[in-house]
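These values consider heavy atoms only, across backbone and side chains, with no hydrogens, waters or symmetry-generated copies. From a predicted model like this one, the values you see are computed outputs, not experimental measurements.
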Amino acid sequence: MQSIQLAPYACHPAHSRGRRYFEPPAPTRTDYQRDRDRIVHSTAFRRLVYKTQVFLNHEGDLFRTRLTHSLEVAQLGRSVARSLRLSEDLVEAVCLAHDLGHTPFGHAGQDALNACMADFGGFEHNLQSLRVVDALEDRYPDYDGINLTFETREGILKHCSRRNAELLEEREPGGVGRRFLLGLQPSLEAQLCNLADEIAYNAHDIDDGVRSGLITLQQLRDVPLFDRYRAQAQAQYPHLAQAAGQRKLLAEAIHRMLSDQIYDVIDTTRAALADAAPTDVDAVRAMPALVGFSQDMRAQSQVLKHFLFHQLYRHPQVAQTMERARQVVRDLFAIYQADPRQMPPVQADWALQGDAQRRARTVADFIAGMTDRFAVREHERLTGQHLLG
């Protein structure tokens with residue numbers, strides 16, 4: 001069970017708003033532990049091992065994938081949650097589930113699928129992650145999805161347009177869509193997961209970017225947040241300045257950067273909680289966001305994000321690969337839309353028995369669930385082209 005005494009403003013599993021379908025409690029696990037276990041055993045979670053973070057699956061075995069990213073986010077989230085006396089189990093569950101709905105090929109795949117779905121409500125991977133756990137996972141005889149608690153589902157749905165929130169509210173009055181209509185915040189655990197996601201991908205994109213050769217330690221001299229820790233590490237370990245020590249220098253700088261960011265979040269959030277003095281979870285939801293960086297750390301983090309955007313994500317080599325990835329998604333969508341029988345029988349039957357909206361959403365669900373390598377194989381099977389890998 002919980003190893004620390006939870007703060008009054010934390011989400012306590014005994015006070016959960018429950019599941020959409022009632023289930024008796026488990027004898028040895030809290031509801032949030034049970035959520036985490038269901039996520040880990042889901043098909044969508046296993047697929048994350050072959051889904052892109054920045055570098056496509058075929059580009060190297062040591063680059064981060066959606067799965068390793070989710071594990072790193074969960075580790076960072078739990079570290080902060082323990083210090084703030086929040087629910088570690090809820091944080092872990094949300095962190096592990098936050099990318100379950102992501103398309104193959106990272107944000108390039110999402111952008112392409114969103115464009116394909118422009119006339120049918122669009123596509124957003126965050127909303128798709130909720131759809132995965134609510135409807136698309138097919139494991140239990142009594143309901144679709146994996147029937148997670150309200151608090152885990154709330155944390156998964158980080159962003160939502162007003163139109164989508166209204167649709168969610170129609171299907172589930174008072175559910176996870178309502179806060180977007182009322183301008184409320186999610187739980188502190190959900191706020192923490194969102195920030196842990198940012199901290200993790202900034203750090204590991206530096207690591208993967210340098211490992212790939214697309215960015216260099218010399219270029220990173222222009223990023224004060226990173227270069228400060230590089231200089232500290234090099235001063236303490238002068239031998240790392242040699243070529244043979246560059247890998248360790250990079251790792252040590254990232255370790256120090258991560259530690260300082262974590263301590264900054266803990267200190268800043270503790271101060272915000274002391275000032276706001278929320279008495280319970282509902283009070284948290286009515287307040288401005290309380291989990292965050294200090295102003296200085298936020299500004300430095302923005303400089304790092306700007307650097308990664310221009311020097312890594314927009315690197316010509318990455319851009320060329322991602323354009324091919326977008327083409328794969330566009331082609332697959334067009335082919336399945338024109339002939340749903342090219343999909344497996346279950347998806348084909350569902351698409352053929354509905355209207356245009358249902359057909360398009362079924363196609364989007366099928367494509368979003370693909371791994372990078374499965375999408376590449378399907379594209380080659382259907383078009384005869386080999387664009388990636």
Restricting to side chain to side chain contact (heavy atoms under 4.5 Å, CB included), what partner residues turn up for A299, sequence neighbours left out?
none
Output all residues satisfying salt bridge (charged side-chain N to carboxylate O under 4.0 Å, His left out) with R85, sequence neighbours left out; order by chain, then residue number.
none
Strictly below 4.0 Å, N to O, side chains only: are E72 and R64 in salt-bridge contact?
yes
Mind running ring-ring contact (aromatic ring centres under 6.0 Å, His included) on Y50 and F374 for me, showing each step along the way?
CA-CA 9 Å; Y50 294 119; F374 180 75; over 10 Å; no
Going by the salt bridge (Lys or Arg N to Asp or Glu O under 4.0 Å) test, which pairs reach into residues 173-194, not counting sequence neighbours?
E169-R178
To the nearest 0.5 angstrom, please state how far the CD atom of Q353 sits from the CG atom of D349.
5.5 Å
Under a 4.0 Å N-O cut-off, is there an ion pair linking K248 with E252?
no
CE-CG distance between M322 and L388, expressed to the nearest 0.5 angstrom
9.0 Å
After noting the C-alpha distance and the side-chain angles of L220 and I206, does the key distance pass the side chain to side chain contact (heavy atoms under 4.5 Å, CB included) rule?
CA-CA 9 Å; L220 284 161; I206 291 175; 3.8 Å; yes
In terms of the angle between their ring planes, are Y143 and Y21 parallel, tilted or perpendicular, with boundaries placed at 30° and 60°?
parallel
Tell me whether V376 shares a hydrophobic cluster with L113, the cluster being built from Ile, Leu, Val, Met, Phe, Trp, Tyr side chains joined at under 4.5 Å.
yes
Of all residues at least two apart in sequence or in a different chain, which pass the side chain to side chain contact (heavy atoms under 4.5 Å, CB included) check with C193?
V91, V94, C95
Does K158 pair with D197 as a salt bridge, N-O distance under 4.0 Å?
yes
Residues that E380 engages under side-chain hydrogen bond (donor to acceptor under 3.5 Å, both in side chains), provided they are two or more places apart
H386
Where I156 and A97 come nearest, the two heavy atoms and their spacing
CD1-CB, 3.6 Å
Could you check whether D89 pairs with R29 (Lys NZ or Arg NE/NH1/NH2 to Asp/Glu carboxylate O, under 4.0 Å)?
no
Could you state whether L90 and V80 fall into the same hydrophobic cluster, counting links through intermediate Ile, Leu, Val, Met, Phe, Trp or Tyr residues with side-chain heavy atoms under 4.5 angstrom apart?
no
Do the charged groups of R171 and D134 touch, with an N to O distance under 4.0 Å?
no
What about V132 and Y140, same hydrophobic cluster or not, with Ile/Leu/Val/Met/Phe/Trp/Tyr joined at side-chain heavy-atom distances under 4.5 Å?
yes
Can you list every salt bridge (Lys or Arg N to Asp or Glu O under 4.0 Å) pair that touches residues 230-243, not counting sequence neighbours?
D227-R230
In this structure, would L195 and Y9 fall into the same cluster of hydrophobic residues linked by side-chain contacts under 4.5 Å?
yes
Side chain to side chain contact (heavy atoms under 4.5 Å, CB included) assessment of R228 paired with M257:
CA-CA 9 Å; R228 175 166 71 251; M257 183 181 77; over 6 Å; no
Is the number of heavy atoms from other residues, nucleotides or ligands under 6.0 Å of H159 NE2 greater than 12?
yes
For R298, is there an ion pair with E198 - N to carboxylate O distance below 4.0 angstrom?
yes
Could you pull out all residues at least two apart from R131 that satisfy side-chain hydrogen bond (donor to acceptor under 3.5 Å, both in side chains)?
D365
When you look at CZ of R20, are more than 12 heavy atoms from neighbouring residues, nucleotides or ligands closer to it than 6.0 Å?
yes
H310 and H315: aromatic ring centres closer than 6.0 Å?
no
Nearest 0.5 angstrom please: D208 CG to T68 OG1, how far?
7.5 Å
Are L167 and V176 connected into the same hydrophobic cluster when the rule is that any two of I, L, V, M, F, W, Y join if their side-chain heavy atoms are below 4.5 Å apart?
no
Positive for side chain to side chain donor-acceptor pair (under 3.5 Å) with N147, one of E137, E23, R19:
E23
Check side-chain hydrogen bond (donor to acceptor under 3.5 Å, both in side chains) between E124 and all other residues, then give those that pass, not counting sequence neighbours.
none
In chain order, what residues pass the salt bridge (charged side-chain N to carboxylate O under 4.0 Å, His left out) check against D282, with sequence neighbours excluded?
R285
Once you round to the nearest 0.5 Å, how far does CG of N202 lie from CD1 of I199?
8.5 Å
Locate the shortest heavy-atom distance separating Y32 from C11; write the atom from each residue and the value.
CE1-O, 3.5 Å
Taking the six-membered ring for Trp, are F309 and Y313 parallel (under 30°), tilted (30 to 60°) or perpendicular (over 60°)?
perpendicular
Can you list every side-chain hydrogen bond (donor to acceptor under 3.5 Å, both in side chains) pair that touches residues 110-120, not counting sequence neighbours?
Q110-H125
Taking every heavy atom of G101 against every heavy atom of F123, the minimum-distance pair comes out as O-CZ, 3.7 Å
Could you check E88 against R36 for salt bridge (Lys or Arg N to Asp or Glu O under 4.0 Å), going step by step and ending with a plain yes or no?
CA-CA 11 Å; E88 293 179 55; R36 175 204 59 207; over 6 Å; no
Passes side chain to side chain contact (heavy atoms under 4.5 Å, CB included), F180 versus N164? Steps please.
CA-CA 9 Å; F180 298 98; N164 284 328; over 6 Å; no
For residues 351-363, the salt bridge (Lys or Arg N to Asp or Glu O under 4.0 Å) pairs (sequence neighbours left out) are none
Please indicate whether D339 has more than 12 foreign heavy atoms, meaning atoms of other residues, nucleotides or ligands, lying under 6.0 Å from its CG.
yes
List the residues meeting side-chain hydrogen bond (donor to acceptor under 3.5 Å, both in side chains) with R330, not counting sequence neighbours, and say none if there are none.
E323, Q327
R256 charged N/C atom sitting above Y229 aromatic ring, 6.0 Å / 45°:
no
